[in-house]
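What follows is a short report on a single structure.
Nothing here was measured: the structure is a model prediction, and the numbers come from that model. We're numbering straight along the sequence, starting at 1.
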Amino acid sequence: MTMVKHEVKQGIRSLAIWTAAIAFLLAVCVFMFPEMKGEMEGVGDMFSSMGSFTEAFGMDRINFGTLTGFYAVECGNILGLGGAFFAALSAVSILAKEEKEHTAEFLFTHPVRRSRIVTEKLCAVILQIVLMNLLVFAVSIASVAAIGEEIPWKEIVLLHLAYFLLQIEIAGICFGISAFLKRGSLGAGLGIAAVLYFLNLIANISETAEFLKYITPFGYAEGADIVTNGRLEEGLVLLGMLYGIIGIAAAFSWYCRKDIH
């Protein structure tokens, strides 16, 4: 567990900044709801007539006048994009940095198997994602309680669970990519997360592009669908976890036998 502690300690600043930023923005959105609640019905009618824009964000399927509807769109986008970027950045360079920072020669002189190194680095990534989500969830619940609204436990738990699974999937994919990189690339991680987000928007707009839901994790983390159906799409979740597992398996397979310079 030495390496897990080391990696978490190295990433603690990034973890703190991303957690604080996401939690702060979520709290701001929640505190805005009481002031906007009375105007939400009119806003919802306006959004319902905006065609493709409304469909892209699922605003044609939920009621903005309710906390769950407001939370699913406004807070969901913050947590979805912010969490995806954090997961991607945490995972995409964690293996590659040993060559980039020239620490590989020190690390691999120790009597430690490469498989253990990969395992502990993966555990460090997952631990940071878990910590971020727990803290953000706590702030979210506290914010809803502070404005005097009844906490919709089922919907909020499902939304946060969906975005947690999304982050794990993206982290698994980026972790696999990290094993193939020599210099690390934060841009690659951010690019993957952004592309997956926009693929979901395209899938929402065009019926002929609905197959993209089977590619992007944002397909099962669609706030409007979760609030409307009251559950996650099990098939899409399982497929997403499979993508993440494939990425992790690729990392183990390649990193344990690659020529480390």
Side-chain angles (χ1 to χ4, degrees), residues 4 7-8 11-12 14-27 29-30 58 68 71-92 94 121-144 151-176 189-190 192-194 196-197 199-200 213-227 229-248:
V4 175
E7 293 294 343
V8 172
I12 195 69
S14 175
L15 172 63
I17 291 172
W18 278 95
T19 301
I22 295 172
F24 173 75
L25 291 174
L26 279 180
C29 280
V30 172
T68 52
Y71 192 95
V73 174
E74 300 296 334
C75 299
N77 281 318
I78 293 171
L79 182 57
L81 269 177
F85 285 154
F86 173 72
L89 291 175
S90 298
V92 78
I94 196 164
K121 283 179 175 286
L122 176 62
C123 289
V125 171
I126 294 175
L127 179 59
Q128 291 179 75
I129 293 174
V130 169
L131 290 173
M132 190 270 285
N133 279 273
L134 288 176
L135 292 171
V136 168
F137 181 75
V139 170
S140 176
I141 294 299
S143 300
V144 174
I151 301 174
W153 285 103
K154 180 180 178 181
E155 289 81 3
I156 287 185
V157 168
L158 283 175
L159 285 167
H160 281 262
L161 174 61
Y163 288 115
F164 171 71
L165 294 175
L166 173 148
Q167 294 159 29
I168 293 296
E169 179 186 342
I170 291 178
I173 294 170
C174 291
F175 189 75
L190 291 176
I192 289 170
L196 292 174
Y197 176 76
L199 286 179
N200 185 58
K213 292 278 187 181
Y214 296 94
I215 298 175
T216 170
F218 288 92
Y220 59 77
E222 184 73 55
D225 291 338
I226 294 172
V227 170
N229 301 329
R231 63 181 181 85
L232 303 182
E233 290 289 340
E234 295 87 352
L236 294 179
V237 171
L238 291 175
L239 188 59
M241 293 303 99
L242 177 61
Y243 293 150
I245 291 171
I246 290 173
I248 293 170

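- Going from atom CD1 of Ile17 over to atom CD1 of Ile12 covers 11.0 Å, rounded to the nearest 0.5 Å.
- Considering all non-hydrogen atoms of both residues, Ala193 and Phe85 come closest at CB-CD2, 3.6 Å.
- For the atom pair Tyr243 OH and Thr216 OG1, the distance stands at 10.0 Å (nearest 0.5 Å).
- With a 4.5 Å cut-off on side-chain heavy atoms, Ser14 and Leu89 do not count as touching.
- One distance of note links CD1 of Ile156 with CD1 of Ile226; it measures 12.0 Å at 0.5 Å rounding.
- Annotation: side chain of Ile94 is not in contact with side chain of Ser90 (no heavy-atom distance under 4.5 Å).
- Aromatic ring pairs are classed by plane angle as parallel below 30°, tilted from 30° to 60° and perpendicular above 60°; the pair Trp18 and Phe86 is tilted.
- Leu26 has its side chain out of reach of Ser143: every pair of non-hydrogen atoms, C-beta onward, lies at least 4.5 Å apart.
- In terms of heavy-atom proximity, Thr19 sits nearest to Leu15 at OG1-O, 2.7 Å.
- The line from CG of Leu79 to CG of Leu159 is 8.5 Å long, rounded to the nearest 0.5 Å.
- Here the straight-line distance linking atom CD1 of Ile248 with atom CE of Met241 works out to 9.5 Å at 0.5 Å rounding.
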Considering only distance and modelled atom types, tabulate donor-acceptor pairs under 3.5 Å from the side chains of residues 123-139, sequence neighbours left out.
{"unit_1": "Gln128", "atom_1": "NE2", "unit_2": "Ala124", "atom_2": "O", "d": "3.3"}
{"unit_1": "Asn133", "atom_1": "ND2", "unit_2": "Ile129", "atom_2": "O", "d": "2.7"}
{"unit_1": "Asn133", "atom_1": "ND2", "unit_2": "Gln167", "atom_2": "OE1", "d": "2.5"}

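- Contact check for Tyr71 versus Ser140: side-chain heavy atoms found under the 4.5 Å cut-off.
- Taken to the nearest 0.5 Å, the OH atom of Tyr214 stands 14.5 Å off from the OH atom of Tyr220.
- Across all their heavy atoms, Ala84 and Phe218 have their closest contact at CB-CZ, 3.9 Å.
- Of the options Leu165, Leu166, Leu161, a side-chain contact (heavy atoms from CB on, under 4.5 Å) to Val237 is made by Leu165 and by none of the others.
- Ile78 approaches Cys29 most closely through the heavy-atom pair CD1-SG, 3.4 Å.
- The minimum heavy-atom distance between Val227 and Ala72, with the atom names listed, is CG2-CB, 3.6 Å.
- Remark: Glu233 does not engage Lys213 in a salt bridge, criterion side-chain N to carboxylate O under 4.0 Å.
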